[in-house]
A.B. asks: 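Please find one structure pasted underneath; my questions will follow.
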Amino acid sequence: MSHQEKTVVLDGRGTEQPREPEQRYDPQSIELRWHERWSQQPELYHAEPATSQSKKYYVLEMLPYPSGALHMGHVRNYSIGDALARFMWMKGYNVLHPMGWDAFGLPAENAALKNKTQPREWTLHNIANMKRQMQRLGFSYDWNTEVTTCLPDYYRWNQWFFLKFYERGLAYRRKSKVNWCPECATVLANEQVVNGCCWRHEETLVEQRDLEQWFLRITEYADELLRDLENLEGWPEKVRTMQRNWIGRSEGAQVEFKLAGSDEKITVFTTRIDTIFGATSIQLAPEHPFVGKLIADDPARLTQLDELIAEQRRARELGELGETEKRGFFTGAYAINPFNHEKIPIWVANYILMGYGTGAIMSVPAHDERDYEFANKYGIEVRIVILPRQTEPAAVAAGAVEPPTLPYTEMESLLINSGEFSGLGNQEAIQKMTRYAEEHGFGRARVTYRLRDWGISRQRYWGTPIPMLYCDGCGIVPVPESELPVLLPEHVDITQQGGSPLGRVPEFVNAKCPKCGGHARRETDTMDTFVDSSWYFYRYTDAKLATAPIDTAVAGYWFPIDQYIGGVEHAILHLIYSRFWTKIMRDMGLVKNSEPVERLFTQGMVIRNGAKMSKSKGNVVSPDEMVARYGADSTRVYALFAAPPDRDLDWQENGVEGVSRFLARVHRLIIKNGKPMASSEWKQVASLPWGTGSARDLQRKIHQTLRRITQDFDGRWHFNTSIAAIMEFVNELYLAAEGKLYEGEKQVGELTDLDGRVMQLGGEDLRQSAYRYLVLMLAPFAPYLSSELWEKLGERSQLLREPWPRFNPELAREEEIELPIQINGKNRSRITVPAGTGDEEVRERALADEKIAALLGSKVPLKVIVVPGKLVNLVVR
RNA sequence: GCGAAAGUGGCGGAAUUGGCAGACGCACCAGACUUAGGAUCUGGCGGGUAAAACCGUGAGGGUUCGAGUCCCUCCUUUCGCACCA
């Protein structure tokens, strides 16, 4: 940085120009000065109260986990949100733009173990650091509404919600399978299971254990969660599809099959009851409770079962479930098909999932690829029961129809070999056969979901304590609302492994039963951190409210969130939980909206050298480093300029350098040429009738650039093209400033001032006006530099609230003139030509073109598009 | 396997409704000013040619006066789902 000491700078024409230190773009000094100033104006980004007459706009970025420092993905996320917030402010909206911390979670415990600190200290320290980074980056957050989920102020409302859910039967306790590491003697989250082993003990296989867990009944809302996806038109289709698949609704029927020679029944779920006459076996999942009973006295088969289960678990843990070869064995037992009373064998098969439907299916090899594969392998009968209507039944007999490739789902299909149902179409058959099953008491229509209830118990310390008590006499007793919050004790020993850390804190565990006054134990599990993030955005609307989680009127004003911005990795869990939570809040009467988020934007990842940034790859770029080297503005503008925000962004440092050069160019341009100008003037100058010369060109550029940015914000969010347009604009302003434009345009417009005097305005005035437009256009993207230059131009207003200028479509349009084309002496049509491109020549060429003349004979061209001096094409409508 | 998105210079990417392909930026080359340049300014920069012509948007077909854009058939990459009965 030795060049900083220079005070003399030479321009391209070799003339020496003394340069004041402030003439050089020094982002550090500019940004630190404004940072200081803004920190003394905490009200700067406050939203107006919910009683405001202004239209509201709630822009939200996903709150970060305070892991220690921001990464580039954060910077990109917040640069998008901040640009939008600033733009909406300038558009005159009442903007809510909050930020908070998703502060509970496992990493804090791990860090505490590693660094011998407390999770609380570690977390709060990280928050302080990341908040500093955000403020240095100049993001326009209203820190007055900051939410930190690990503080009692916040998590007490998690507990409050939990109690309400419990009252409503939406929270319940039951046994469930969990990942259990025998070495750690504790439960692991799915993410902590690596290749089927514990992440801490890489040799130790994780077991599935049954544990009492708290669940939230999200399945109760499965149907609505699915249905309302249709209305979320502001969401990416991709996310909606992912959620649809996650919920996984399927309509069908469940049918009971009697066990031959017994009164016991096996219930299967099928979406294709119409194929039931083609069922040639029953298949059970290996974990199906029935299996044990059927083969209890058969050691050989029990061994087979164990192998099957072990193999399946390995496959699941390796994520290769779909690739495993189908395998199974005959149990020796038979079931009776209630439709045709046929005796069919019961098998165990590894491709049947216990977690879906009933864990048992009727196998119809003729009409299901999986069943077909299995049946082929084990020699089970394949019986065709549905055909396309056109097919001759004789073709079946002749073996000309190959299962299971039949188009049997078509309405056109026809049942055969199906008793009284033969001859029906497939849809009709489903209805009639379901009704038949219901009437005969062995089945009914049923909807099944893939979605499971949400298990929220975590055997962890750093989370919200679940506000429940276990009384020796009364059983499960909720903590009374008046006793909230159940405080998370501090200085808990988390170094010891095994079970919930809170269980080792007697002062916490031992409590009085609020019902009988007797001894009770507290629940020692804490809540999943996804609980925290399921409703935090409501809390922002009144973050300090002490009497309730939210103020219904205030939340009613702000919700739904107009724009939510974050990574696609939260497409399922966080966003489904949030939608679920909102629906409960609505049912509780807390909010009116059924969906929390109107529009969702998922930004692309930040990568470097083609790979996701990670410490192990050594390709991490730290925001602090970027800010120190190039400043916040350059870092932010680059994050928006390098790629459209929905695509992955390859971080290239010399790209940042280029942006920095660009900002320096802007700075130099205005510092050198900008002069004070009355705001009543400059706002009108750009709209004056400038004729057709170079002033008109600059005027057009102003409006075109404005149009580009305005439309990018309103529509497709391609801020890279917005910024490119600003760069073009700056390039043109440089030409203008160097006197290459405006010859002979000294006085081309008139303006009447407040006293009625007529002012003559020239190219210089237009340039001064253009500088101000430039600063306005830059304001959403580079807050520091734009504020600095705004002031340097003598403007006193708060840039954040300066109205976003409207572009004039007329002035933005490329100028065109129309020329008539004569064909056979008659005016047949017109051609449109950009102004000033040799009109006569163009017309002659147009007339000389045989092709056009021929076409005009039969069709009428409405528009001919002309390149200067050269006819290219003809548009015929 | 199923579903979705995307393939354009050395690179990131423009081209919003079919109408001058490669805006803007990076990298690179040349020049100017310089004791100096990793500053600044000017010019160049898809292939091809002395200059044109001509050829160029993953491949091959098609529609159209005209296709990166629309249609068909492939190929590749990325993401999501992956035995959901």
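Just so it is clear: chains get the letters A, B, ... in the order the sequence lines come, proteins before strands, and each one is counted from 1.
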A.B. asks: On RNA chain B, check which nucleotide each of A:Arg647 and A:Val659 is closest to and give me the residue with the more 5' one.
C.D. replies: A:Arg647
A.B. asks: In whole angstrom, what separates A:Asn654's CG from B:rG13's P?
C.D. replies: 14 Å
A.B. asks: Syn or anti: how is B:rG12 classified when any glycosidic angle within 90° of 0 counts as syn?
C.D. replies: anti
A.B. asks: Distance check: side-chain N/O of A:Arg446 vs OP1/OP2 of B:rA85, anything under 4.0 Å?
C.D. replies: no
A.B. asks: Establish, yes or no, whether the cationic atom of A:Arg665 lies under 6.0 Å from the six-membered ring centre of A:Tyr734 and within 45° of the ring axis.
C.D. replies: yes
A.B. asks: From C-beta outward on A:Tyr356, which listed nucleotide comes closest to its side chain: B:rC81, B:rG25, B:rA85?
C.D. replies: B:rA85
A.B. asks: Output the single nucleotide from B:rC24, B:rA85, B:rA14 whose closest atom is nearest the side chain of A:Ala724.
C.D. replies: B:rC24
A.B. asks: Between A:His288 (NE2) and B:rA85 (P), how many Å, whole number?
C.D. replies: 17 Å
A.B. asks: Ignoring the backbone of A:Pro644, work out which of B:rC41, B:rC11, B:rA14 is nearest its side chain.
C.D. replies: B:rA14
A.B. asks: Under 4.0 Å between a side-chain N/O of A:Arg272 and OP1 or OP2 of B:rA85, yes or no?
C.D. replies: no
A.B. asks: Between B:rG12, B:rC41, B:rA85, which nucleotide gets closest to the side-chain atoms of A:Ala642?
C.D. replies: B:rG12
A.B. asks: Assign the ring pair A:Phe719 / A:Trp717 to parallel, tilted or perpendicular, where the plane angle (0 to 90°) is split at 30° and 60°.
C.D. replies: tilted
A.B. asks: If the P atom of B:rG46 is compared with that of B:rU57, how far apart are they to the nearest Å?
C.D. replies: 16 Å
A.B. asks: How about A:Phe713 and A:Phe781: are their ring centres within less than 6.0 Å of each other?
C.D. replies: yes
A.B. asks: Roughly, in whole Å, what's the span from CE in A:Met354 to P in B:rA85?
C.D. replies: 16 Å
A.B. asks: Is it true that a side-chain atom of A:Arg450 and a backbone atom of A:Arg249 form a donor plus acceptor pair closer than 3.5 Å?
C.D. replies: no
A.B. asks: Separation of A:His367 atom NE2 from B:rA85 atom P, in whole Å?
C.D. replies: 17 Å
A.B. asks: How far does the C1' atom of B:rC75 sit from the matching atom of B:rC24, given to the nearest Å?
C.D. replies: 32 Å
A.B. asks: Considering only side-chain heavy atoms of A:Thr270, which listed nucleotide, B:rG80, B:rC11, B:rA85, is closest?
C.D. replies: B:rA85
A.B. asks: Answer with yes or no after comparing the ring centroid distance for A:Phe339 and A:Phe442 against a 6.0 Å cut-off, counting only values under it.
C.D. replies: yes
A.B. asks: Just checking, A:Lys326 and A:Tyr351: is the charged tip under 6.0 Å from the six-membered ring centre and within 45° of the axis?
C.D. replies: yes
A.B. asks: Can you tell me, in whole Å, how much space there is between the C1' of B:rA4 and that of B:rG9?
C.D. replies: 29 Å
A.B. asks: Considering only B:rA39, B:rC11, B:rA85, which nucleotide approaches the side chain of A:Arg661 most closely?
C.D. replies: B:rA39
A.B. asks: Does B:rA27 pair with anything, Watson-Crick or G-U wobble, both distances under 3.5 Å, and if so, with which nucleotide?
C.D. replies: none
A.B. asks: Check whether any side-chain N or O of A:Asn720 sits under 4.0 Å from OP1 or OP2 of B:rG12, and answer yes or no.
C.D. replies: no
A.B. asks: Tell me: CD of A:Glu569 to P of B:rG80, nearest whole Å?
C.D. replies: 11 Å
A.B. asks: Any strand counts, and the cut-off is 3.5 Å on both contacts for Watson-Crick or G-U wobble. Which nucleotide pairs with B:rG60?
C.D. replies: B:rC72
A.B. asks: May I have the distance from A:Leu663 (atom CG) to B:rG25 (atom P), rounded to whole angstrom?
C.D. replies: 12 Å
A.B. asks: Find which nucleotide of RNA chain B each of A:Asn731 and A:Gln711 is nearest to by heavy atoms, and output the residue with the more 5' nucleotide.
C.D. replies: A:Gln711
A.B. asks: Measuring from the side chain of A:Leu353 (C-beta onward, heavy atoms only), which nucleotide among B:rC83, B:rA82, B:rG12 has the closest atom?
C.D. replies: B:rC83
A.B. asks: Name the pairing partner of B:rA4, where a pair is Watson-Crick or G-U wobble with both distances under 3.5 Å, or state none.
C.D. replies: B:rU78
A.B. asks: Closest to the A:Phe641 side chain: B:rA85, B:rG12, B:rA15?
C.D. replies: B:rG12
A.B. asks: Can you check whether A:Trp235 and A:Phe601 have ring centres sitting under 6.0 Å from each other?
C.D. replies: no
A.B. asks: Return the nearest nucleotide to the side chain of A:Ile361; candidates are B:rC41, B:rA85, B:rA14.
C.D. replies: B:rA85
A.B. asks: Between B:rA85, B:rU40, B:rG25, spot the one nearest the side chain of A:Met727, thanks.
C.D. replies: B:rG25
A.B. asks: Looking only at atom P, what distance separates B:rU76 and B:rA59, rounded to whole Å?
C.D. replies: 15 Å
A.B. asks: Give a yes/no on whether any side-chain N or O of A:Arg244 is located under 4.0 angstrom from OP1 or OP2 of B:rG80.
C.D. replies: no
A.B. asks: Would you indicate, yes or no, if B:rA85 has its OP1 or OP2 atom less than 4.0 angstrom from a side-chain nitrogen or oxygen of A:Ser250?
C.D. replies: yes
A.B. asks: Ignoring hydrogens and geometry beyond distance, is the side chain of A:Lys326 in donor-acceptor contact with the base of B:rC83 at under 3.5 Å?
C.D. replies: yes
